[in-house]
Every structure is written in structure tokens, then in C-alpha cells.
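In what follows, a single structure is set out as C-alpha cells and then discussed.
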Number of protein chains: 2
Amino acid sequence: MSKPSNTVVTIAENESVEEEKNLKLILDRAKDQSKLCPVRDVIHRISDKWSLLSILALGTHGTLRFNALKKEIGDVSQRMLTVTLRNLEEDGFVSRKIYAEVPPRVEYQLTDMGQGLMQQALQLADWANTQLPAIISSRKKFKKG
Amino acid sequence: MSKPSNTVVTIAENESVEEEKNLKLILDRAKDQSKLCPVRDVIHRISDKWSLLSILALGTHGTLRFNALKKEIGDVSQRMLTVTLRNLEEDGFVSRKIYAEVPPRVEYQLTDMGQGLMQQALQLADWANTQLPAIISSRKKFKKG
DNA sequence: GATTTATAGTTACTTTTAGTAACCTAAATC
DNA sequence: GATTTAGGTTACTAAAAGTAACTATAAATC
């Protein structure tokens, strides 16, 4: 695809720029289509660093205020917890109840759908727990070999 | 850890530097402890953009060569697929079989443990499929309100 | 015999995302 | 009147992901 840089710019070259633009459009469209795949959509949304952990924390503790949740998870930053909770709220997994008090009080809770997601997360977590020894020994082997 | 360069270094300043170091050690230790949590460990490892999708693709197709897997996933870059597969191999979810041929041939397959992970991923995917309409409508509501 | 093709990478670079530190609000307490 | 509190936001830095170009090598093609 790379052109020799010291050639005269011709009409043909301008046309190839047009072609490149068209190709980019087609690729972008293809990308959007693949994004419509439901599995991919949801997996990408909850496959970030904090979503499942937040869901698990809320699920096991019921209602939690922001800082309590933050403390529960431990090493999440304030900003990332805010971002994560907004996303989970947007998707309908978490409900957010604001009390008009000072200092502010905001309570987070799983919705019914959030409870469903937690069931899934719990199964994953259970399975992770049972497999961890095997995973750790596999990691050690990999580093040696 | 940078010191102001144009101040006189006093004993008091050295002490505060020491304190900072100690605090950092404590924080690092706390972080490591939280990282020992098995659920967190495994979830963080597979909660990247391509791990679950790779597992699902390998699970539904059996053995796949690198480019076939890449094509199957669609919009993953070569580099990220390599990185993802190395991680999955390291954790013992995926096996990698190299044939000494030219052009090179490398076959990827789920291990038994990988199949277990796929079961989990499948359940998550199934659930995601059933919930998607509710999720999408929740997103629309969120944008409006 | 030079050129092209194929596959599974790696390397260097750019862009996007996550994480950190400092700040804001406004009533209650010391 | 300075400090504490809870739940943020903003501006900045570090890390992760993505892109483009390159590698190796034998067989097939011109």
C-alpha cells in the first residue's frame, strides 16, 4: 500500500486517496455490524476491570453507599468506580438512589436484571475459585518452559 | 518521588521522604493482598477485550489456526490476538501446537480447563442474549432522562 | 533464478482507556 | 473559622489496545 514518496503527484494518486476513503467507510461499516452481535455487545460492556467486581460486591452486600462500595472493592479509584457505576446504571443492572442531604448520600443497589447478572458472575467466580490452583501451576510452568 | 531541586535538603525533609517510602510499601502490600483474592485474579485476567470471545470461538469451532481464529473474531488485531492467546496459554485455557512447516502452521485448541471456562462463558452469553432487549431499552431511557 | 505467496508472528509507533491527584459543594462539628 | 464528610468532577499521567510495517522461509509461479 505504501507509495514511493518522490514521485510526481498525478490525478491517479488523487483517485487512490478517494479509494482509500471508500475502503475506510466499508471497514467502519463492517466494524459496526460486528458490534451489533449481542454477545459481543454485552461481553464488551461488562468485561472491563470493575463491572463484575462491583456487581458481586453489591450482590453480596445488598445496598451500599458509594464509599462503602469503594472500600469493599479496595483498589478501585474513585473516578473508575463512578464511571463503572454509571455504565451499569445505564444498562439497567444497578439503581442509584440520591438523597438530598449534606453531606450527600447515594445508595447503590442491584436491579432485578443486575441480580441475574450477579448469578452469572457468581457461577464464574465459583468456577474461578475451584480452578485457581491449576491456573497458578500452569502459569509457573509457562514461565519455566 | 521528585524533590524540589533548589531547596536545601534538611533532616526533616529526609524523614518525610522515609515516611513516604514506608507508606508506599504498606499500600503496595495492601494491593498485593487484594490481588491474592482468587475471584479478582481470574476475573481480571479474562475480563479483557478478547479473551472470552477467543474462548467462545475456539469452543464452537474446535481446533483453529491463528488466521482462522482471527477471521472468526473479525475485528481483533494480529498483535492483540497474539497477546490474548499467550495469556490464555499461560493460564492453561488454550493449547498451542506448532508444526515445523513453511509457511508456519500453529493450531489452537481449548484445554479441558478451557472447555470449563467456555461453559461459563456460554452461560453468560446465553443470558446476555435474553437480556439484550431490556439492556438496550434501559440505555435509551438513560440517554433521555 | 528472480518474484510472488503464504503464515504467524515481532517491533515501533499512535490512539484510546484507566488511574492519580487535586479540587468542589455545603451543612455539621470542634 | 478551620476541619470533616460524601460523592463527585477536572486535568493530568500511565498503561493498554490498536495500526502499520517488517521478519523468516520454502514452495509455487513467471
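Sequence lines set the chain letters: A, B, ... in the order given, protein chains first and strands last, and positions in each chain run from 1. As the structure is a prediction and not an experimental result, all values here were calculated from the model.
Comparing B/V106 and A/V76 by the nucleotide of DNA chain C that holds the closest heavy atom to each, the one mapping nearer the 5' end is B/V106.
Residues from residues 78-89 of chain A with heavy atoms under 4.0 angstrom of DNA chain C, sorted by number: A/R79, A/M80. The stretch residues 62-71 of chain B comes close to DNA chain C through B/R65, B/F66, B/N67, each having a heavy atom under 4.0 Å from the strand.
In this structure, B/K70 and B/Q78 approach most closely via the heavy-atom pair CE-N, 3.6 Å. Of all heavy-atom pairs spanning A/L64 and A/A57, the tightest one is CD1-O, 4.0 Å. The minimum heavy-atom distance linking B/K49 with B/L53 is given by the pair O-CD1, 3.9 Å. Shown here for A/L88 and A/S54, the closest heavy-atom pair between the two residues is CD1-CB, 4.1 Å. Nearest heavy-atom pair, A/G59 versus A/L110, reported as atom, atom and distance to 0.1 Å: CA-CD1, 3.5 Å. Closest approach of B/G114 to B/I55, counting heavy atoms only: O-CG2, 4.2 Å.
Atoms CZ (A/R105) and P (C/dA26) sit 19 Å apart, rounded to a whole Å. Atom-to-atom, CD of B/E101 to P of D/dA27 comes out at 11 Å; the value is rounded to the nearest Å. Atom pair A/D75:CG and D/dA15:P shows a separation of 15 Å (rounding to whole Å applied). Whole-Å rounding puts the A/I98 CD1 to C/dA26 P distance at 16 Å.
Residues B/Y108 and B/R96 have side chains that bring a donor and an acceptor to within less than 3.5 angstrom of each other.
Within the 4.0 Å cut-off from OP1 or OP2 of C/dG19, at least one side-chain nitrogen or oxygen of A/K49 is found. Under 4.0 angstrom from either OP1 or OP2 of C/dA18 there lies no side-chain N or O belonging to A/W50. Close to D/dG8, at under 4.0 Å from its OP1 or OP2, lies a side-chain N or O of A/Y108.
The side chain of B/D48 has D/dA17 as its nearest neighbour among D/dT19, D/dA17, D/dT25. Proximity note for B/P103 (side chain, C-beta onward) versus C/dT7, D/dA26, C/dG19: the nearest is C/dT7.
Applying the side chain to side chain donor-acceptor pair (under 3.5 Å) criterion to A/S51, with sequence neighbours excluded, gives A/D48.
A/F66 is listed as a side-chain neighbour of A/T82, based on a closest heavy-atom distance under 4.5 Å. Using a 4.5 Å heavy-atom cutoff, the side chains of A/W50 and A/L85 are not in contact.
Taking CG from B/N67 and CZ from B/R105, the interatomic distance works out to 13.5 Å, rounded to the nearest 0.5 Å.
With hydrogens and angles disregarded, no donor-acceptor distance shorter than 3.5 Å links the side chain of A/S138 to the backbone of A/A134.
Within the structure, every pair that satisfies the side chain to side chain donor-acceptor pair (under 3.5 Å) test and touches residues 109-123 of chain B, not counting sequence neighbours, is listed here: B/T63-B/Q109.
In the helix from C/dG1-D/dC30 to C/dC30-D/dG1, the rotation axis of the first five pairs and that of the last five pairs differ in direction by 20°, rounded to 10 degrees.
Residue contacts for A/Y99: at a heavy-atom cut-off of 4.0 Å it reaches no nucleic acid atom on any strand shown.
The hydrophobic cluster containing A/F142 does not contain B/L58, counting ILVMFWY residues as joined when their side-chain heavy atoms lie under 4.5 angstrom apart, directly or transitively.
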Using atom names, set out every protein N or O paired with an N or O of nucleotides 28-30 of chain D below 3.5 Å, distance rounded to 0.1 Å.
none

